Amino acid sequence: MFALCDANSMYASCEKVFDPSIRNKPVVVLTNNDGCICAACGIAKRMGVGKKFVPYFQVKKELEAAGVVIRSSNYELYADLSQRMMDTCARFAPDINVYSIDECFLNYGKEATAPQEGWDNLASTIRKTVWREVRLPICVGIGPTPTLAKVANHASKNVSGFTGVAVLDNENTRKHVLKQLAVTDVWGIGMRLGAKLNALGIHTAWELANRDPSQIRKAFSIIVENTVRELNGEVRHCWETVRVAKKEIYSTRSFGNRVTDYDELRAALAGHAETVSVKLRKQKCVTGSMTLFATNSPHDNGGYVRRSFFHRFTVPTNDTRNILNVIDSAMSQLFQPGVYYYKCGVGLMDLHEQGLFQYDLFNASNDNPRLMACMDNINSRYGRSTVQMAAKGFEQRFSMKRAFLSPQYTTQWPDIPKIKC
DNA sequence: TCTGGGGTCCTAGGACCC
DNA sequence: TCTGGGGTCCTAGGACCC
């Protein structure tokens, strides 16, 4: 059995933890650069405002009129509260898989028999404990496959009769819940696939579950076939222990203000190069190729400009210095005077497990793993960018817009809440 | 005044080579 | 003179997730 624990409106809920004055108000959180809405609390949702990924400027007046509290994304706060939530959840299972900042899977093993108190009570206990210890509201869904745990979690929030927990441990409940679930609410089925499935007369999760998996594979892909099998209780996701290594690693950001300066674009790319290098080493991999890109906004006048630069390393590397060295040759391709750059990024592809790659006799690696490990250790102990490459620059000229940022209550000394006696 | 998220995987199709 | 198959690598864009 698997459990999926998922925080309700994570970002909006985090904003309420240390600020009692907004607990009973509608709260909406914006994405990077205050660009779009990315989370809305229950109160805001019930008022019908805060639709996900709508550009903020388009609904600004409406939100103001409704008295909605606006917050910029405070990732430092969310990441810390997420860690606390995961620590608490982890105590309730032999194995945990943190799937995203606001959800984790708990794995109870293949032959899991119901715990003494029963699955329902276990789910309730997890939920109450996270509320008591972290003050985050979560929902818990339990089922025999990860996809069914996701279904149960969805049901715990949306199907009448469930209040925050749902367990799919028998045929009747499975059928009852799948029949009420739209096919597009199934994990892995988005808008596009949903439309195609609708055209085939498949509207509910139940109808999808009852299709022949091999037919579905022919019409769609192995991914949809696996979804059908998981809906029927056959485990296809293999996350028994650790998450599979990523095949590509990216870091991209839009700028707070448009960038037209050569040095600024270069520094931004250096920052992304450093970010992906750190992620690469965390995954214990080396990279064989790298892509860099810079674009203006497709919404700006004067046509879309997208420039990209591809580089293949003669010797696979995970040394930040080798990865940074590519930027100067890339810049001559990417930078064009007069373009108002809106976004740039760096991606690493062709990843190999460190140590498994066969090096060429004539192309020895010039990586310095001890130096990199030293930098990584200092930064993980004393905070990001305690030591960094100079190429990234020390002024945050292109830092993102965060006009409605709350304090970093748990990660910055000056921001720690004070209690007046 | 202007404003439009970020990450990963997959694949069709173009470019290039032999 | 003109034409042609098949493989690899890269790019752009689609699709999905949160």
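Proteins get letters first, then strands, A, B, ... in listed order; numbering begins at 1 in each. Note that this is a predicted model, so its numbers are computed, not measured.
The interatomic distance linking A:W187 (CH2) with C:dA15 (C1') rounds to 16 Å, in whole Å. A:K52 places its NZ atom 13 Å from the C1' atom of C:dC16, with the value rounded to the nearest Å. When rounded to the nearest whole Å, the span between NZ of A:K246 and P of C:dC16 equals 21 Å. Computed from coordinates, the A:K61 NZ to B:dC2 C1' distance equals 13 Å when rounded to whole Å. Taking atom OH on A:Y341 and atom P on B:dG4, their separation rounds to 17 Å, with Å as the unit. Between A:Q333 atom CD and C:dC10 atom P there is a gap of 15 Å when expressed in whole angstrom units. If you take OH of A:Y75 and P of B:dG5, they are 11 Å apart, rounded to a whole angstrom. Taking atom NZ on A:K150 and atom P on C:dC17, their separation rounds to 8 Å, with Å as the unit.
Between A:E76 and A:R402, at least one side-chain nitrogen of the basic residue sits less than 4.0 Å from a carboxylate oxygen of the acidic one, meeting the salt-bridge criterion. Salt-bridge check for A:R281 with A:D319: failed, with every basic side-chain N at 4.0 Å or more from each acidic carboxylate O. Using a cut-off of 4.0 Å between Lys/Arg side-chain N and Asp/Glu carboxylate O, A:D19 and A:R71 are scored as salt-bridged. For the pair A:K128 and A:E133, the salt-bridge criterion is not met [side-chain N within less than 4.0 Å of a carboxylate O]. Ion pairing between a basic and an acidic side chain is recognised when a charged N comes within 4.0 Å of a carboxylate O; A:D376 and A:K282 show no such pairing. Remark: A:R321 does not engage A:D367 in a salt bridge, criterion side-chain N to carboxylate O under 4.0 Å. For A:K60 and A:E62, the salt-bridge test fails: no basic side-chain N is under 4.0 Å from an acidic carboxylate O.
When the C1' atom is used for both C:dG4 and B:dC17, the distance is 14 Å, rounded to whole Å.
OP1 or OP2 of B:dG7 sits under 4.0 Å from a side-chain N or O of A:R253. Between A:R192 and the phosphate of C:dC16, there is no side-chain N or O to OP1/OP2 separation shorter than 4.0 Å. At C:dC10, none of the side-chain N or O atoms of A:T291 fall inside 4.0 Å of OP1 or OP2 (strictly under the cut-off). Proximity of A:N33 to the phosphate of B:dG5: no side-chain N or O atom is located under 4.0 Å from OP1 or OP2. Remark: A:T31 is not in phosphate contact with B:dG4, judged by side-chain N or O atoms under 4.0 Å from OP1 or OP2. In this model, the phosphate group of B:dC10 is approached by a side-chain N or O of A:K247 to a distance below 4.0 Å at OP1 or OP2. Under 4.0 angstrom from either OP1 or OP2 of B:dG4 there lies at least one side-chain N or O belonging to A:R258. Proximity of A:T252 to the phosphate of B:dG7: a side-chain N or O atom is located under 4.0 Å from OP1 or OP2.
Distance from the side chain of A:Y99 is smallest for C:dC17 among the nucleotides B:dG4, B:dG7, C:dC17. Relative to the side chain of A:R312, the nucleotides B:dT3, C:dC10, C:dC18 differ in distance, and C:dC10 lies closest. Comparing B:dG6, B:dG7, C:dA12 by their closest approach to the side chain of A:R306 singles out C:dA12. Proximity note for A:S308 (side chain, C-beta onward) versus C:dT11, B:dT3, B:dG6: the nearest is C:dT11. Comparing C:dT11, C:dC16, B:dG4 against the side chain of A:Y342 picks out B:dG4 as the nearest. Among the nucleotides B:dG7, C:dC18, B:dC9, the one closest to any side-chain atom of A:S100 is C:dC18. Listed nucleotides B:dC10, B:dG4, B:dG5 differ in distance to A:H299; the shortest reach to its side chain belongs to B:dG4. Listed nucleotides: B:dG4, B:dG6, B:dG7. Nearest to the side chain of A:F57: B:dG4. The side chain of A:E103 lies closest to C:dC18, out of C:dC10, C:dC18, B:dG7.
Heavy atoms of A:I189 sit under 4.0 angstrom from primed sugar atoms or phosphate atoms, though from no base atom. A:D102 comes within 4.0 angstrom of the backbone, heavy atoms only, and of no base. Residue A:D6 is out of contact with every strand shown, counting any heavy-atom pair closer than 4.0 Å. A:S297 comes within 4.0 angstrom of nothing in the nucleic acid, heavy atoms only. As judged by a 4.0 angstrom heavy-atom cut-off over every strand, A:M10 is placed among residues making no nucleic acid contact. At a threshold of 4.0 angstrom between heavy atoms, the contacts of A:V59 with the nucleic acid are absent. Among the heavy atoms of the strands lying under 4.0 Å from A:C36 are primed sugar atoms or P, OP1, OP2 only; no base atom is included.
Taking the six-membered ring for Trp and thresholds of 30 and 60 degrees, A:W187 and A:F105 have ring planes inclined between 30 and 60 degrees apart. A perpendicular orientation is assigned to the rings of A:F313 and A:H311, their planes being inclined by more than 60° (bins at 30° and 60°).
With a 3.5 Å limit on both pairing distances and Watson-Crick or G-U wobble geometry required, the stems of 3 or more pairs in DNA chain B span B:5-18 with C:5-18.
Between A:E248 and A:F53, the residue anchored closer to the 5' end of DNA chain B is A:F53, taking for each the nucleotide with the nearest heavy atom. Nearest-nucleotide positions on DNA chain B place A:G35 closer to the 5' end than the other of A:G35 and A:I249.
Shown here are the side chain to side chain contact (heavy atoms under 4.5 Å, CB included) partners of A:K279, two or more places apart in sequence or in another chain: A:I249, A:T275.
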